[in-house]
Every structure is written in C-alpha cells, then in structure tokens.
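Okay, structure first, notes after.
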Amino acid sequence: MSKRMMLKFGICVLYIVSIICAILFKNESIKYAFSAVALVIIGGYNTLDYKSYGKKSSLAFAIMFYCFSASSIAFAIISTILA
C-alpha cells in the first residue's frame, strides 16, 4: 500500500469517526466541534491534493471548507455561551 493510499485511508477513517461522534453526542457545542474537525479534514485533503497536482479548484474547495470549519467553531462557541 502506497503512502498516498494510506493517507487517504487515514483521512477517511478520521472523517467517519468525527461524523459518527457528531451524530452521537447530545450537546450541540460538541456536535459543532466534531463537524469542524470533519471539515478541517476535508480541507486538509484538498490542500494536499492542490500541493500534489496543482489543481486550483482543489485550493478553492480547501479554502471553502476551512471557512465552513471556522463558522462551525463560531457556532460551537456561541451555543456554549448561550447554554
């Protein structure tokens, strides 16, 4: 198994674990935090894809997922404050 394939497998496992944790926990701020982790993982994968192949669309998607992650973290902080 190549390093790239192992990286993809590891990213998929981390993504699935973070989504399952986001579904299982009852606390909203924890759900948002795990969603943010999943979005950062997707953004990181797209960043690696951009560095490997130079696709500008991958960079755009990476930036988009990082912004989604930042908003998810903001929602987690706001839901913690308002709770």
Side-chain angles (χ1 to χ4, degrees):
M1 189 182 266
S2 69
K3 288 184 180 181
R4 181 143 176 94
M5 197 64 171
M6 287 175 46
L7 178 66
K8 282 185 180 181
F9 180 73
I11 287 172
C12 288
V13 168
L14 284 173
Y15 179 73
I16 291 170
V17 166
S18 64
I19 292 299
I20 289 172
C21 289
I23 292 171
L24 293 179
F25 283 101
K26 301 292 183 202
N27 190 347
E28 286 295 319
S29 60
I30 293 176
K31 284 185 176 191
Y32 287 130
F34 277 114
S35 297
V37 169
L39 292 169
V40 165
I41 290 171
I42 295 172
Y45 176 75
N46 284 322
T47 302
L48 290 175
D49 194 40
Y50 171 71
K51 287 185 177 183
S52 297
Y53 301 111
K55 295 179 184 178
K56 290 190 178 185
S57 62
S58 294
L59 182 62
F61 279 116
I63 293 169
M64 178 183 69
F65 283 114
Y66 291 141
C67 291
F68 288 160
S69 175
S71 66
S72 183
I73 291 170
F75 283 132
I77 291 170
I78 289 171
S79 68
T80 302
I81 292 170
L82 295 178

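This chain uses plain numbering: 1 for the first residue, then up along the sequence.
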(message) Quick check on the hydrophobic clustering: are Leu14 and Phe34 connected, directly or via other members, by side-chain heavy-atom contacts under 4.5 Å?
(response) no

(message) Please tell me whether Leu39 and Ile30 are part of a single hydrophobic cluster in this structure, the criterion being side-chain heavy atoms less than 4.5 Å apart.
(response) no

(request) Determine whether Ile73 and Tyr32 make a side-chain contact, defined as any pair of heavy atoms from C-beta on separated by less than 4.5 Å. (result) no

(request) Please list, chain by chain and in numerical order, all residues satisfying side chain to side chain donor-acceptor pair (under 3.5 Å) with Tyr66, sequence neighbours excluded. (result) Thr47

(request) Would you check if Asn46 and Phe65 make a side-chain contact, meaning some heavy-atom pair closer than 4.5 Å? (result) yes

(message) Determine whether a donor-acceptor pair (N or O, by modelled atom type, separation under 3.5 Å) exists between the side chain of Ser52 and the backbone of Leu48.
(response) yes

(message) Just to verify, what does Ser58 make a side chain to side chain contact (heavy atoms under 4.5 Å, CB included) with, not counting sequence neighbours?
(response) Asp49, Tyr50, Lys55

(request) Check Ala76 against Ala33 and note the closest heavy-atom contact, atom names and distance. (result) CB-N, 4.3 Å

(request) Check the hydrophobic clustering (I, L, V, M, F, W, Y; side-chain heavy atoms under 4.5 Å; chains of links allowed) and say if Ile42 and Phe68 are grouped together. (result) yes

(message) Using 0.5 Å steps for rounding, measure from the CD atom of Glu28 to the CD1 atom of Ile78.
(response) 13.0 Å

(request) Determine whether Ile63 and Ile41 fall in the same hydrophobic cluster, where Ile, Leu, Val, Met, Phe, Trp and Tyr are linked whenever their side-chain heavy atoms lie under 4.5 Å apart. (result) no

(message) Quick one: does any side-chain atom of Ser35 pair with a main-chain N or O of Lys31 as donor and acceptor, under 3.5 Å?
(response) yes

(message) Out of the candidates Ser69, Cys21, Ser72, Ser18, only one should pair with Val37 under the side-chain contact (heavy atoms from CB on, under 4.5 Å) rule; please name it.
(response) Ser18

